[in-house]
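Protein chains get the first letters and strands the later ones, always in sequence-line order, with residue 1 at the start of each. Predicted model, so just to flag it, every value in this text is computed and none were measured.
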Amino acid sequence: MTNNENPSNPRSLIPDTVRADTAPHHTAEQNIIDGRKATAERARARKENPFANDVGPKAAGAKALDIGALRAEVKDARGADGKYDEAKVKAASGASVFHVKGRLMRNAPTGGLTFLKVRDRTGELQLLASEASMGAEYTRLEDLDVGDIVEAEGTLVVSKRGELSVEPTRVRLLTKAFRPLPEKWHGLSDVETRYRQRYVDLIANPAAAEVFRARSHIVRAMRTVFDEAGFLEVETPTMHTLIGGAVAKPFNTHHNALDMNLFMRIAPELFLKRLVVGGFERVYEIGRCYRNEGLSTRHNPEFTMLEFYQAYATYEDLMNFTEVLLRRIDGELARVMPETHAKWKTERPFTIDVPFMRVPMADAVRAGAHKTGIPAWIEASDRKSDRKGENESGMGLVAFLKPDFVDHMKEWSKTSPRAKAVDWGNFRKGFLKCENDGERLFCCYEYLCEPFLPEDYKDAQSGKSIPIFIKDYPYETSPLARRNDARPELVDRFELFVHGKELCNAFSELNDPDDQAARFRDQVDKKQKGAEETMDYDEDYIRALEYGMPPAAGFGMGIDRLTMFLTSSQSIRDVILFPLLRPEHG
RNA sequence: GGGCUGAUAGCUCAGUCGGUAGAGCUGCGGACUUUUAAUCCGUAGGUCGCGGGUUCAAGUCCCGCUCGGCCCA
């Protein structure tokens, strides 16, 4: 806790609802809060602490267990239908007294018998309380509200419906919850409140909490895979003096003591490759990156990226490895949370169970051109390009479009439903802005292929889309990637698209310092011509390459997006605990 | 930044042509010894996001603003 809160902040740090003494609000919520505070005061009057710390069983020999561990003790008493057999429970647990603690999720009296439900991090357990088991303390249950943190101890019994329950001799308030939880049936669905008050979301929506558990498992499984393969996990700076490693706008910050402007990193790439120079032949980093861009269902300004670099590997090796990695992670998810995973898996519009597609970008563009049914495009994309040494498929279309694109747009767009579905306005805008044929090919890919990937590459059996590696990018779009030995106009690079959305970006690394220096100079030229998103010239990185970086391949993947895919989440905000939002009070 | 769309009780939502603000859950009081969205009876709970305008009359129509959501850049 810091004590240097800015006194100039015009907004009070204390919300109205907890200033009830000075500014009472006669709202329904405030009435509930007042009532719960009064309950806490009554407990204090009885010398009981409504924020107790002395947790633990009172009975000698009682077992203090997590709910999951408690269930494991009597797992053999559970039938195939999920119901417990009372005799078997008694046989397994005998007269043992169990102690559990957690959040009270239900408090339902039916006269002399009260059903309560306690939830801890491992599960939920019913308490079956009666006057017979609790004596005079039974009436005290009235003071417990849903949301309170409680402890209870007693023997195991089975309810008439076959539910494993603790018959408590004691149920005690540990922490009073002043605020009511959202409604039990619909939960909390207001997305704004879910993001702003994630703590409530996590309590009220178990499905939301499951996504974040999955995220943790995903990252751990990933580390296991890399550690087993002999990779070293490292941490490199997140505050950079130069912009590098990706094409994006950075956040600016400032170091006071050195009076130095800094950029929050947009990618760790150039530092990790320095480590490859240093002899760490296999390194990876999982860390936060920052990009000063708009927000969307797929973009948060800060996000988590995995990057790894492997000496003596090529981008072909990494394609194989990517498939292994994703299946290993998904398999681990299936192992640790089988039921939730099965639900997510059926919801997925894609499958990772079949081999991924591998398509050179130029071939994808040629196929995309054919799909539009525009005769001139088909003819052009089948034609050999006049550019020497050029690949012969997609480049034909680029050569054809370059001189007169705009004039024919209306006519082309009417050729077929597929042609009509093309975003012609932005395609034109993007194409005309391109400075070279490489960028033009990439632009054709973006508008003619990428939006249609899910429908064009499908698994016949399941009807689900197949992840696809688009490979062999034009060198102009990839300033850090190695040129293809046979076709220097291309780089040995791929991106993995899952259901049409980019997940990974990888390439064989450019380790020729002179070529890298030339690419940096191109970037600087672009900036001088007004381009906003360019890399800086990194002299030290060139110097590092001059010491010799072994041939290597590198890989980047958004952890947030991976989590979205695997947990069937529709928005990146559903996989980031505290996504960036505007301040609540304007 | 642009288009569309939303904000009504603590939560989930209705609210028709502009005419007294509604329900369920929650809360509070009561009944109930096998519930699990418990049930039954009673009862309380509102700055209709904020500001302006039109009107005899605005949750409703108009304008602006704030904060979201979806799509696009």
Visitor: Can you find an N or O donor on one side and an acceptor on the other, under 3.5 Å apart, linking the side chain of A/Glu183 with the base of B/rU26?
Guide: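 Checked by distance alone, the answer is no.
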
Visitor: Indicate, yes or no, whether a donor-acceptor pair under 3.5 Å links the base of B/rU35 to the side chain of A/Gln126.
Guide: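 For A/Gln126, whose side chain was compared with the base of B/rU35, there is a donor-acceptor pair (under 3.5 Å).
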
Visitor: Verify the contact: side-chain N or O of A/Lys184 to OP1 or OP2 of B/rU26, cut-off strictly under 4.0 Å; return yes or no.
Guide: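 A/Lys184 to B/rU26 OP1/OP2: side-chain N or O found under 4.0 Å.
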
Visitor: Only one of A/Arg42, A/Arg172, A/Arg140 passes salt bridge (charged side-chain N to carboxylate O under 4.0 Å, His left out) with A/Glu48; say which it is.
Guide: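 So the option named by the test is A/Arg140.
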
Visitor: Taking the P atom of each, how far is B/rU39 from B/rA7, in whole Å?
Guide: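 Per the computed distance, 29 Å lies between those P atoms.
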
Visitor: Give RNA chain B the dot-bracket treatment, 5' to 3': Watson-Crick (N1-N3 with N6-O4 or O6-N4) or G-U (N1-O2, O6-N3) under 3.5 Å, [ ] crossing, | other strand.
Guide: (((((((..((((.....[..)))).(((((.......))))).....(((((..]....)))))))))))).

Visitor: Expressed as a whole number of Å, how far does the P atom of B/rG18 sit from that of B/rG27?
Guide: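 Each nucleotide's P atom is 39 Å from the other's.
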
Visitor: Work out how far the P atom of B/rC72 is from that of B/rU8, and round it to whole angstrom.
Guide: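 Straight-line distance between the two P atoms is 28 Å.
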
Visitor: Can you tell me how far C1' of B/rU35 sits from NZ of A/Lys83, to the nearest Å?
Guide: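 Interatomic distance, NZ of A/Lys83 to C1' of B/rU35: 13 Å.
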
Visitor: With a 4.0 Å limit, can you tell me whether A/Arg161 has a side-chain N or O closer than that to the phosphate oxygens OP1/OP2 of B/rU35?
Guide: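 Result: yes.
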
Visitor: Any side-chain N or O of A/Arg573 below 4.0 angstrom from OP1/OP2 of B/rG69?
Guide: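 True: A/Arg573 side-chain N/O within range (under 4.0 Å) of B/rG69 OP1/OP2.
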
Visitor: Test side chain to side chain donor-acceptor pair (under 3.5 Å) on A/Gln197 and A/Asp201; report intermediate values, then the result.
Guide: CA-CA 7 Å; A/Gln197 301 183 45; A/Asp201 185 34; over 6 Å; no

Visitor: Within the structure, does a side-chain N or O atom of A/Arg106 lie under 4.0 Å from either OP1 or OP2 of B/rA37?
Guide: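 No, because none of the side-chain N or O atoms of A/Arg106 sits under 4.0 Å from OP1 or OP2 of B/rA37.
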
Visitor: Is A/Ser189 close enough to B/rC13 that one of its side-chain N or O atoms is under 4.0 Å from OP1 or OP2 there?
Guide: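 Checking A/Ser189 against B/rC13: at least one side-chain N or O falls below 4.0 Å of OP1 or OP2.
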
Visitor: For B/rG19 versus B/rG59, give the span between their P atoms, rounded off to a whole number of Å.
Guide: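 It works out to 10 Å between them.
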
Visitor: Quick one: which of A/Lys58, A/Lys63, A/Glu151 gives a side chain to side chain donor-acceptor pair (under 3.5 Å) with A/His99?
Guide: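 For A/His99, the side chain to side chain donor-acceptor pair (under 3.5 Å) test succeeds with only one of A/Lys58, A/Lys63, A/Glu151, which is A/Glu151.
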
Visitor: Answer with base, sugar-phosphate or nothing: what part of the nucleic acid does A/Leu181 contact at a heavy-atom distance below 4.0 Å?
Guide: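 No contact.
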
Visitor: If only side-chain N and O atoms count, and only distance matters, is there a donor-acceptor pair under 3.5 Å linking A/Arg493 with A/Ser478?
Guide: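 Checked: A/Ser478/A/Arg493 side chains pair up, N/O donor to acceptor below 3.5 Å.
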
Visitor: Work out how far the C1' atom of B/rG45 is from that of B/rA21, and round it to whole angstrom.
Guide: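 Per the computed distance, 12 Å lies between those C1' atoms.
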
Visitor: Closer than 4.0 Å, any side-chain N/O of A/Asn31 to the OP1 or OP2 of B/rG27?
Guide: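 No, because none of the side-chain N or O atoms of A/Asn31 sits under 4.0 Å from OP1 or OP2 of B/rG27.
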
Visitor: Given B/rU66, is OP1 or OP2 found less than 4.0 Å from the side-chain N or O atoms of A/Arg582?
Guide: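 So the side chain of A/Arg582 is outside the cut-off, no N or O lying under 4.0 Å from OP1 or OP2 of B/rU66.
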
Visitor: Could you list the donor-acceptor pairs under 3.5 angstrom formed between side-chain atoms of residues 114-124 of chain A and any protein atom two or more places apart in sequence or on another chain?
Guide:
residue	atom	partner	partner atom	Å
A/Thr114	OG1	A/Tyr138	OH	2.6
A/Lys117	NZ	A/Glu163	OE2	3.2
A/Arg119	NE	A/Glu124	OE2	2.9
A/Arg119	NH1	A/Ile203	O	2.8
A/Arg119	NH2	A/Glu124	OE2	3.3
A/Asp120	OD1	A/Thr122	N	2.7
A/Asp120	OD1	A/Thr122	OG1	2.7
A/Asp120	OD1	A/Gly123	N	3.1
A/Asp120	OD2	A/Ile67	N	2.8
A/Asp120	OD2	A/Thr122	OG1	3.4
A/Arg121	NH1	A/Asp66	OD1	3.1
A/Arg121	NH1	A/Asp66	OD2	3.1
A/Arg121	NH2	A/Asp66	OD2	3.2
A/Thr122	OG1	A/Ile67	N	3.2
A/Thr122	OG1	A/Gly68	N	2.7

Visitor: Is A/Thr110 near enough to B/rU39 that one of its side-chain N or O atoms lies under 4.0 angstrom from OP1 or OP2?
Guide: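 For B/rU39, neither OP1 nor OP2 has a side-chain N or O of A/Thr110 closer than 4.0 Å.
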
